[in-house]
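What follows is a single structure, written as structure tokens, with notes after it.
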Amino acid sequence: MFALIDCNSFYASCEKIFRPDLKDRPVVILSNNDGCVIARSSEAKKMGVSMTQPWYQIKDQYLSKGGIVFSSNYEFYADISNRVMNVLSDLCPEIDIYSIDEAFLDLRSFKKNIDLVNFAYDCKRKIREWVGVPVSIGIAPTKTLAKLANKVAKDDPRFDGVVILSEPRVIKHFLRSMPVEKIWGIGKRLTARLENIGVKTAHDLTQIDSRLIGDNFNVVLERTVRELKGQSCITLHDFMEPKKTNNG
DNA sequence: TCTGGGGTCCTAGGACCC
DNA sequence: TCTGGGGTCCTAGGACCC
């Protein structure tokens, strides 16, 4: 099993750590030169601010409604990211850092079976208390499925930030409800091509003949399909920054 | 008239991701 | 007037070599 831990609205959450007065306030972060929006707190998303929206287009209205804005501060975000990753690597020795705000944990590295629900909530609580940012967690037999689980954990408030896919029956049901474009590695172009051949859901994708994929698509999609079927085959760079020590 | 074939290295472009 | 910037991975094609 793999866990994907992803920080919610990462840059905006970082800015809120030391500014308790901003709790429940809309916060957006701008790209270099304040060109466009690159991160939004949930309150800003509710106001209708979209990702990569040009700042000049929304500035007046956003500020007049009480929105808060920051220029990006990547050194600060990298520092918070390191703290999150350190907490995670203490909880699980096998960690693949995928981006500044997310990491996969390989739960197969635990010798004993662990209670996945307890583990997930423990992660969430520790990162919240020790670092100060909220996270969503998806747990599943492959990285691609964990990524999908994570997306649902983040988007559907009923799940309280944690989705665990372990039963095959549950996974099948889950995949039937999942549009292909939500799958990690499937963007606009592939979605259009897949829909042309009648593939609309993640479950549809698992039903295509693998020769068809080989002939008409590429090895990336082939791997994605295998992952959706529960066969783990995506490996990330197994790098992990060494923990800080006294001798540097 | 049917123009060797296989390997390596490099680069550009496509697609996707955060 | 103002619309991110940095990645990975794969593929195809060109150049070169023996």
Side-chain angles (χ1 to χ4, degrees), chain A residues 2 4-15 28-41 44-45 48-63 69-82 84-85 88 95-104 133-138 142-151 153-155 178-197 199 202 205 210 213-228 233-241:
Chain A
F2 293 89
L4 176 64
I5 289 84
D6 189 326
C7 301
N8 302 343
S9 308
F10 183 58
Y11 298 166
S13 297
C14 287
E15 298 291 353
V28 300
I29 315 299
L30 304 180
S31 62
N32 291 337
N33 303 318
D34 293 350
C36 68
V37 174
I38 55 168
R40 309 152 294 156
S41 71
K45 287 174 192 167
V49 179
S50 44
M51 198 66 171
T52 71
Q53 186 157 27
W55 172 233
Y56 74 89
Q57 288 180 355
I58 58 161
K59 180 179 178 180
D60 292 344
Q61 207 186 12
Y62 176 77
L63 294 175
V69 60
F70 290 90
S71 296
S72 45
N73 180 351
Y74 295 107
E75 282 177 29
F76 173 48
Y77 308 144
D79 178 58
I80 301 301
S81 174
N82 284 336
V84 171
M85 300 310 169
L88 289 176
I95 176 170
D96 264 335
I97 297 169
Y98 176 63
S99 75
I100 192 166
D101 75 332
E102 61 190 294
F104 288 99
V133 298
V135 301
S136 299
I137 300 183
T142 68
K143 291 193 172 85
T144 301
L145 288 169
K147 196 89 167 128
L148 262 185
N150 181 283
K151 194 184 279 276
K154 186 173 277 190
D155 293 346
M178 194 58 60
V180 274
E181 71 256 31
K182 305 265 187 188
I183 301 167
W184 185 33
I186 297 187
K188 270 187 199 152
R189 301 288 183 115
L190 271 176
T191 297
R193 287 176 63 193
L194 288 167
E195 285 185 346
N196 274 341
I197 59 170
V199 173
L205 189 53
S210 61
I213 299 170
D215 291 348
N216 296 286
F217 298 92
N218 59 32
V219 297
V220 180
L221 187 63
E222 243 180 283
R223 277 201 289 261
T224 297
V225 173
R226 277 195 278 155
E227 286 247 325
L228 289 174
C233 53
I234 292 181
T235 54
L236 300 174
H237 289 298
D238 269 45
F239 82 91
M240 205 198 87
E241 287 183 67

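Labels below follow one simple rule: chain letters A, B, ... track the order of the sequence lines, proteins then strands, and each chain is numbered from 1.
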**OP:** Have a look at A:D101 and say if it touches a base, only the backbone sugar-phosphate, or nothing, with a 4.0 Å heavy-atom cut-off.
**Re:** sugar-phosphate

Rounded to whole Å, CD of A:Q57 lies from P of C:dC2 at a distance of 12 Å

| query | When all nucleic acid strands are considered with a 4.0 Å heavy-atom cut-off, which category describes A:K147: base, sugar-phosphate, or nothing? | reply | sugar-phosphate

I'd like to know if the side chain of A:N150 reaches the main chain of A:S136, judged simply by a donor and an acceptor atom lying under 3.5 Å from each other, with no hydrogens or angles considered.
yes

Under a 3.5 Å limit on both distances, the Watson-Crick or wobble mate of B:dC18 is C:dG5

Can you check whether A:C233's main-chain N or O pairs, donor with acceptor, with A:E227's side chain at less than 3.5 Å? yes

Quick note, A:E102 side chain, CB onward, closest among C:dG4, B:dC18, C:dC10 is B:dC18

Side-chain contact check for A:N32: nearest option of C:dG5, B:dC18, C:dC10 is C:dG5

Does A:Y62 use its side chain to pair, donor to acceptor, with the backbone of A:V28 at less than 3.5 Å? yes

Base, sugar-phosphate, or nothing for A:L190, non-hydrogen atoms under 4.0 angstrom?
sugar-phosphate

To the nearest angstrom, the NZ-C1' distance between A:K143 and C:dC9 comes to 15 Å

- Task: If the plane angle is over 60° it's perpendicular, under 30° parallel, otherwise tilted; pick one for A:Y11 and A:Y74.
- Result: perpendicular

Atom pairs under 3.5 Å: protein N/O with N/O of nucleotides 12-14 of chain B:
none

**Message:** Under 4.0 Å from OP1 or OP2 of B:dC18: is there any side-chain N or O of A:K151 that close?
**Reply:** no

Side-chain atoms of A:R223 come closest, of B:dC17, B:dC16, C:dC10, to C:dC10

Closest of C:dG4, B:dC18, C:dC10 to the A:S31 side chain is C:dG4

When rounded to whole Å, the CD1 to C1' distance for the pair A:I186 and B:dA15 reads 12 Å

Out of C:dG4, C:dT11, B:dC18, minimum distance to the side chain of A:N218 belongs to C:dT11

Winner on side-chain proximity to A:V220, out of C:dC10, B:dA15, B:dC18, is C:dC10

Winner on side-chain proximity to A:P54, out of C:dG4, B:dC18, C:dT3, is C:dT3

